[in-house]
Amino acid sequence: MENAEKLRVRFAPSPTGFIHVGNARTALFNWLLARQKGGIFVLRVEDTDLERSSQEYERNLIKDLHWLGLDWDEGPNTGGKFGPYRQSERLELYHQYAKQLLEADQAYYCFCPQEELERERAWALAEGRSPVYSGRCRHITLKEAQERIKAGEKAAIRLKVPEEGLVRFTDLVRGEVEFDLKLIGDPIIVRSNGMPAYNFSVVIDDALMDITHVIRGEDHISNTPRQILLYQAFGWPLPVFAHLSMVMGKDNTRLSKRHGATSVDQFRREGVLPQALCNYLSFLGWSPPEGKEVLTLEELVKLFDLSRVNRSAAIFDYEKLYWLNRQHIKLLPAEKKLTLSLPYLQEAGLAGEDITPAQSQWLSEAIELFLEGSNKFSDLPEKFLLIFDFQPESLDEESRQIISSDSARKVLKAFINKTAGVTEFNYEFFAHITGEIKKETGVKGKELYHPLRVMLTARASGLELDKFIPLLEQGAKLNFPRPIKNSLERIREFSTFLKLQEKQEA
RNA sequence: GCCCCUGUCGUCUAGCCCGGCCUAGGACAUCGCCCUUUCAAGGCGGCAACACGGGUUCGAAUCCCGUCGGGGGCGCCA
C-alpha cells in the first residue's frame, strides 16, 4: 500500500516577508521526508493576499530555500504536471470548484456586511461565547442570490457546515484530535472580492496536487477541521496531517526581532552556514536515535523520522546554533573557508577586491587561526583587528593594569633596549631575547609574557604569540588596503607611548 | 471568555506508546581542573530536571483523574 502511492509533500509559504526560521523548519521537515522516501517536494506560493504579497518577496523566498540547500521537484519556476504553482494563477480553478459546491447546495452566498460581522464577533466575545457565524444568509436560494449579485450587491461564499457532530483526525505527531462542529460555523471560502480564502485554496490545491502528507505549523491545527469538511464536501480522500510545534524566543513568546536574528536571510548575512542552520533547526522538536549531533544534510535525510518528532514548543537557542556552526566550520576545507570569509573582510576594508596569490595564501592562514572559536563568519573582521589595528593610546583597562606593575615596566624597558638597533624581527629572535630578559630580571611566565603581548598587540588577549608574530611579520609585507604595522614599528610606537606616560606620571 | 495543543536539568532533548533495566542518559550553557607564553579552543570532571495533587499498582517519569503553568486558534490574514 505504501509503495503503491508515492509520497507527495509541499511547502506553501505566502510571499509576505522574509522567511522565518519557524517556516524554514517546516520546509526542512517536508523536504527531509520527501528525500528520504523518494517522494516529491512541491513548492507552492500562496499569494492570494494581494495587499501583502509581492514578487520581490517570492524571489527572496526562493533564494533562501536554495541557500538552505533545499530543492523542489515542482514549483512556480520549475513547473510540474499539477501547475500552476502560484495561487494567483489558479483563480479559475477555485471559482470552478466554488461553483460546484454552490450548485450542490453545499455552499451559499453571504451578503452580510463586514462591519456587522465584526460587531457580532465582538459581542460574542464580550459575552464569553464563541464567535460563530449566525447563518443568516444560509437560506437565501442560489437563484435569489444570483439576482442580487446581478443587481450589483457584493457577496462572499460560505461553506455549509453541519450544525452538530465532531470532526476527528489522526495527527501524525499529536495523535487523535477532535473538534466540535458547533464551534465552527460556516467558513468563508471565497471573499466578496472574488479571491479564495486560505482554507479553501489550500484544500483545492492540496487535493488537486495529490498531496499525501500535510506537514505544517501547529498554528494551523484549528484550521484542519474546516479543511477536512471541505475534503468531505467534495468527496476527496484526506491527506495525512502532521502539525509541528512552534518555535519560541527565550521569554517563551513567539520568536521575533526582539530576540535577535529570526530570518534565514539574517543568519546568512551573519555568516551562519546553511548546513549548520538546518542541523540546528532539525533538532527543534526532533532528535536522532543515536547521540551524534553534528550532522550533514545527507545524514539528516537518512536519520529523519517523523514519528520521533515531539509535541512541545521549543525555544530557539542561539548558543547552540553557534556551537553547531563552529563544528560545521571546522569541517570545511581551507579554500571554502577563504571564499566564505573574504566578503566580510572586504566589507570591513581589510582586504581589497583584487587579491594577490601571496595575500590569498596569507589570508588563508590567518583565517584558519582566527576562525578557531568564531561563532560565525561575521565575527572575523573584529578578530583580524588584532593584526590590522594597533593603538597603544587607547588601551583598555585590563591592558593598562597589565603594564602598570614594576616588573612589567622592567620587562618592557629591557625588551625595548634589546630591540633598539635591530632591523630584522621574527619569532626566534623574540624567543631569544625573551629568554635573556627572563634570566636578567628573574621575571617569568605570565608576568613576563603578558606585558609583551600588550606591547605587540595593544590588547590583553588574542592569538598565541608564536602564531601571531610570524603572521604579523608576513602580513606587514603584503600591501593590504589597510597597512599592517610590523613588530618593530609597534615596539617603537609603544616605547614613545610609554615615555609619554611616564612624563605624565612624573 | 471559549476551543485545541502542550508540560523531564537554565535551554534542546532521550526515556513515556509496551510500568521495574532510571541512584533519569546525551548535547548546549555554566562551574572546576588539566593543557597552555594571555584569552579562546581542546581534554577531563562537577552542578542541575520527571510542574503540582490525588489515584491504580508489590512497583509510576511512564497508566487514570484533577489542578496549575505555557503556547496556538477563535478574520472576507495566511
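Here is how names work: the chains are called A, B, and so on, in the same order as the sequence lines, proteins then strands, and each is numbered from 1.
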**Fill in**
Here the distance between atom P of B:G72 and atom CE of A:M248, to the nearest Å, is 5 Å

**Message:** Assess the residue pair A:N375 and A:R326 against the criterion (side chain to side chain donor-acceptor pair (under 3.5 Å)); give the C-alpha distance rounded to whole Å, side-chain angles, the decisive distance to 0.1 Å, and a yes or no.
**Reply:** CA-CA 6 Å; A:N375 286 332; A:R326 290 200 301 264; 2.6 Å; yes

**Request:** Please report the closest heavy-atom contact between A:W72 and A:L65, naming both atoms and the distance.
**Result:** CZ3-CB, 3.5 Å

**Request:** Would you indicate which nucleotide in B:G73, B:U37, B:U38 comes nearest to any side-chain atom of A:E464?
**Result:** B:U38

**Request:** Verify the contact: side-chain N or O of A:N310 to OP1 or OP2 of B:A14, cut-off strictly under 4.0 Å; return yes or no.
**Result:** yes

**Prompt:** Does A:T16 make a side-chain N or O approach to OP1 or OP2 of B:C77 shorter than 4.0 Å?
**Reply:** no

**Asked** For B:C77, does either OP1 or OP2 sit under 4.0 Å from a side-chain N or O belonging to A:R191?
**Response** yes

**Prompt:** Cut-off 3.5 Å, side chains only: do A:N199 and A:Q227 have a donor facing an acceptor?
**Reply:** yes

**Request:** Look through every strand shown and name the nucleotide pairing with B:U38 as Watson-Crick or G-U wobble, where both distances are under 3.5 Å.
**Result:** none

**Asked** What is the distance from NE2 of A:H20 to C1' of B:C77, rounded to the nearest Å?
**Response** 16 Å

**Asked** When you compare B:C18 with B:G75, how far apart are their P atoms, in angstrom units rounded to a whole number?
**Response** 38 Å

**Message:** Please classify the nucleic acid contact of A:F283 as base, sugar-phosphate, or nothing, using heavy-atom distances under 4.0 Å.
**Reply:** sugar-phosphate

**Message:** Measure CZ/A:F200 against C1'/B:C77 and give the value in whole Å, please.
**Reply:** 17 Å

**Request:** Identify whether any heavy atom of A:E118 sits under 4.0 Å from a base atom; if not, whether one sits that close to sugar-phosphate; answer base, sugar-phosphate or nothing.
**Result:** nothing

**Asked** Does the ring center of A:Y198 lie less than 6.0 Å from the ring center of A:H220?
**Response** yes

**Message:** Tell me the interatomic distance from A:R254, atom CZ, to B:C77, atom C1', rounded to whole angstroms.
**Reply:** 12 Å

**Asked** Counting just side-chain N and O atoms, does A:K467 come under 4.0 Å of either OP1 or OP2 of B:U37?
**Response** no

**Item:** Distance-only donor-acceptor test (3.5 Å): side chain A:S222, base B:C4
**Value:** no

**Request:** Any strand is fair game: report the nucleotide pairing with B:U30 by Watson-Crick or G-U wobble, both distances under 3.5 Å, or none.
**Result:** B:G46

**Request:** State whether the aromatic ring of A:Y449 stacks on the base of B:U37, taking stacking to mean ring centres under 5.5 Å apart and ring planes under 30° to each other.
**Result:** yes

**Euclidean distance, atom CH2 of residue A:W286 to atom C1' of B:A27 [Å, nearest integer]** = 14 Å

**Asked** Under 4.0 Å: is that the gap between some side-chain N or O of A:R311 and OP1 or OP2 of B:U6?
**Response** yes

**Separation of atom CD in A:E319 from atom C1' in B:U30, rounded to whole Å** = 11 Å

**Request:** Using a 4.0 Å heavy-atom cut-off across all strands, classify A:A314 as base, sugar-phosphate, or nothing.
**Result:** sugar-phosphate

**Message:** In whole Å, measure the gap between the P atoms of B:G32 and B:C68 for me.
**Reply:** 42 Å

**Asked** If the C1' atom of B:G43 is compared with that of B:C21, how far apart are they to the nearest Å?
**Response** 31 Å

**Message:** Partner lookup for B:C74, please. Criteria are Watson-Crick or G-U wobble with both distances under 3.5 angstrom; report none if nothing qualifies.
**Reply:** B:G1

**Asked** With both distances kept under 3.5 Å, what pairs with B:C68, Watson-Crick or G-U wobble?
**Response** B:G7

**Prompt:** For A:R308 and B:G15, is the shortest distance between a side-chain N/O and OP1 or OP2 below 4.0 Å?
**Reply:** yes

**Request:** Return yes if the base of B:A78 and the side-chain atoms of A:N223 contain a donor-acceptor N/O pair under 3.5 Å, otherwise no.
**Result:** yes

**Request:** Among the candidates B:C28, B:C2, B:U11, find the nucleotide nearest to the side-chain atoms of A:K250.
**Result:** B:U11

**Prompt:** Do A:Y427 side-chain and B:U37 base share a donor-acceptor contact under 3.5 Å?
**Reply:** yes

**Message:** For A:R121 and A:I221, find the nucleotide of RNA chain B closest to each by heavy atoms; which residue's nucleotide sits nearer the 5' end?
**Reply:** A:I221

**Prompt:** Within the structure shown, what part of the strands sits under 4.0 Å from A:L463 by heavy-atom distance: base, sugar-phosphate, or nothing?
**Reply:** base

**Asked** Which part of the nucleic acid does A:G285 contact within heavy-atom distance under 4.0 Å: base, sugar-phosphate only, or nothing?
**Response** sugar-phosphate

**Asked** Has A:N252 got a side-chain N or O lying under 4.0 Å from the OP1 or OP2 atom of B:G71?
**Response** no

**Asked** Are A:H432 and A:E436 close enough, and set up right, to give a side chain to side chain donor-acceptor pair (under 3.5 Å), and what steps lead you there?
**Response** CA-CA 7 Å; A:H432 174 70; A:E436 286 180 7; 2.8 Å; yes

**Item:** Rounded distance (Å) that lies between atom P of B:A29 and atom CD of A:E293
**Value:** 11 Å

**Donor-acceptor pair under 3.5 Å, A:K320 side chain vs B:A27 base** = yes

**Message:** In whole Å, measure the gap between the C1' atoms of B:G69 and B:G26 for me.
**Reply:** 27 Å

**Prompt:** Should A:R453 be listed as having a side-chain N or O under 4.0 Å from OP1 or OP2 of B:U37?
**Reply:** no

**Message:** Tell me if the aromatic rings of A:Y280 and A:F283 count as close, with their centers under 6.0 Å from one another.
**Reply:** no

**Request:** Considering only NZ, NE, NH1 and NH2 on the basic side and carboxylate oxygens on the acidic side, decide whether A:E116 and A:R136 come within less than 4.0 Å.
**Result:** yes

**Between B:A40 and B:C34 - C1' atom distance, rounded Å** = 16 Å

**Message:** What I want to find out is whether A:K292 reaches A:E290 closely enough, with some N-O distance under 4.0 Å, to be called a salt bridge.
**Reply:** no

**Request:** Select base, sugar-phosphate, or nothing to describe what A:E46 touches, counting heavy atoms under 4.0 Å on all strands.
**Result:** sugar-phosphate

**Item:** Proximity to the side chain of A:R326 - top-ranked nucleotide from B:A78, B:U37, B:A29
**Value:** B:A29

